[in-house]
Every structure is written in structure tokens, then in C-alpha cells.
Amino acid sequence: MSSIKSLKKELVLQNTNGLHVRPASIFVQTALTFESDINVRNMSSNQCADGKSVMGMLMLAAPKGTTLRIEISGADCEAAMAALEELINRGFDEE
């Protein structure tokens, strides 16, 4: 049995302009504070990106209302998921 923990969650982008440069940068800065591997999938286009890469996150081309599946694996996956979920749910403080 593997001891590596992992979580998956689908979240909907709430901020007006979706995942443009500023929110992508904030997402990545937050993701980089955790050891876990973080992958993000745009459920509309099926495009996948490393949650620790600004360029990768921008390539998701995710406007407001896009569902993102966040998959996190590693020792601190619960804390990472909580932080990223809060960030998305509060619209990256854009409103």
C-alpha cells in the first residue's frame, strides 16, 4: 500500500477575467509553498498543466466559469488543496 497521499477536487473559476496573468501567478506562488505535486486540468478543453508553472497555467486558457480539476499528491496535499481552493473560491481577491 502506497503511503503517498493524494486529493482531487473540481472547482469553478469565479473571478471576472478567469485565469489571466495575475491570478495564474498568485496560484503558482501559492502552489510553490507546498512540497506536493500539483496538477490542474481544464475540464472543458482537457488541457493539463503543472500548477507550479505560470506558463502552464496560462496555457489552460480558462475563462470565468471554467471547471478546473486540481490533483495534488504528497505529504502536504490537504494544506495545499485548502489554500488553493480558498484562493479560487474568493476569486483571487479581484472583486
Side-chain angles (χ1 to χ4, degrees):
M1 186 159 119
S2 174
S3 61
I4 296 175
K5 294 190 243 174
S6 66
L7 291 173
K8 286 183 191 176
K9 188 170 274 194
E10 291 188 4
L11 301 167
V12 177
L13 288 175
Q14 306 293 332
N15 57 312
T16 307
N17 296 312
L19 203 57
H20 59 93
V21 174
R22 184 183 162 280
S25 297
I26 293 170
F27 186 100
V28 169
Q29 287 170 5
T30 302
L32 287 169
T33 65
F34 298 98
E35 290 182 27
S36 293
D37 292 325
I38 300 171
N39 290 293
V40 182
R41 181 178 303 275
N42 177 332
M43 297 306 288
S44 300
S45 67
N46 211 30
Q47 184 84 16
C48 195
D50 179 348
K52 296 183 178 183
S53 163
V54 175
M55 190 57 72
M57 292 297 288
L58 289 173
M59 296 295 286
L60 292 176
K64 179 179 182 174
T66 300
T67 299
L68 299 178
R69 177 184 289 155
I70 301 175
E71 300 181 25
I72 305 176
S73 58
D76 58 0
C77 65
E78 291 98 345
M81 184 65 80
L84 295 171
E85 181 176 10
E86 189 210 351
L87 198 58
I88 289 172
N89 287 341
R90 72 174 198 246
F92 300 92
D93 295 326
E94 288 194 339
E95 273 63 59

Inset, instruction - Determine, using the 4.5 Å side-chain heavy-atom cutoff (strictly less than), whether I26 and L11 are members of one ILVMFWY cluster. - result: yes
Inset, instruction - Give, for atom CD of E85 and atom NZ of K9, the distance between the pair rounded to the nearest 0.5 Å. - result: 3.5 Å
Inset, instruction - Would you check if F34 and I72 make a side-chain contact, meaning some heavy-atom pair closer than 4.5 Å? - result: no
Legend entry - Where K52 and A31 come nearest, the two heavy atoms and their spacing: CE-O, 3.3 Å
Inset, instruction - Please round to the nearest 0.5 Å and tell me the distance separating atom CG of L13 and atom NZ of K64. - result: 10.0 Å
Legend entry - Residue pair C48 / N39: nearest heavy atoms and the distance that separates them: SG-CB, 4.4 Å
Legend entry - Shared hydrophobic cluster, L58 / I70 (ILVMFWY, side-chain heavy atoms < 4.5 Å): yes
Legend entry - Pairs satisfying salt bridge (Lys or Arg N to Asp or Glu O under 4.0 Å), at least one member in residues 35-48, at least two apart: none
Inset, instruction - Nearest 0.5 Å please: distance from the CE atom of M57 over to the CG atom of L19. - result: 4.5 Å
Inset, instruction - Nearest 0.5 Å please: distance from the CD atom of E78 over to the NZ atom of K5. - result: 4.0 Å
Inset, instruction - Could you tell me whether a side-chain N or O of N42 sits under 3.5 Å from a main-chain N or O of L60, the two making a donor and an acceptor? - result: yes
Legend entry - hydrophobic_cluster_shared for V40 and V21, side chain cutoff 4.5 Å: yes
Legend entry - Side-chain touch I38/L84, heavy atoms, less than 4.5 angstrom: yes
Inset, instruction - Specify the closest pair of heavy atoms between F27 and L87, including all atoms of both residues, with the distance to one decimal. - result: CA-CD2, 3.8 Å
Legend entry - Heavy-atom pair with the smallest gap, counting every atom of I4 and G74: CG2-N, 4.0 Å
Legend entry - Where S73 and S6 come nearest, the two heavy atoms and their spacing: CB-CB, 3.7 Å
Inset, instruction - State, to 0.1 Å, how close S44 and T66 come at their nearest heavy-atom pair, and which atoms those are. - result: OG-CG2, 4.5 Å
Inset, instruction - Supply the atom-to-atom distance C77 SG to E71 CD, rounded to the nearest 0.5 angstrom. - result: 12.0 Å
Legend entry - T33 OG1 to D76 CG distance, which is reported to the nearest 0.5 Å: 8.0 Å
Legend entry - The single option from L68, I88, N89, T67 passing side-chain contact (heavy atoms from CB on, under 4.5 Å) against V12: T67
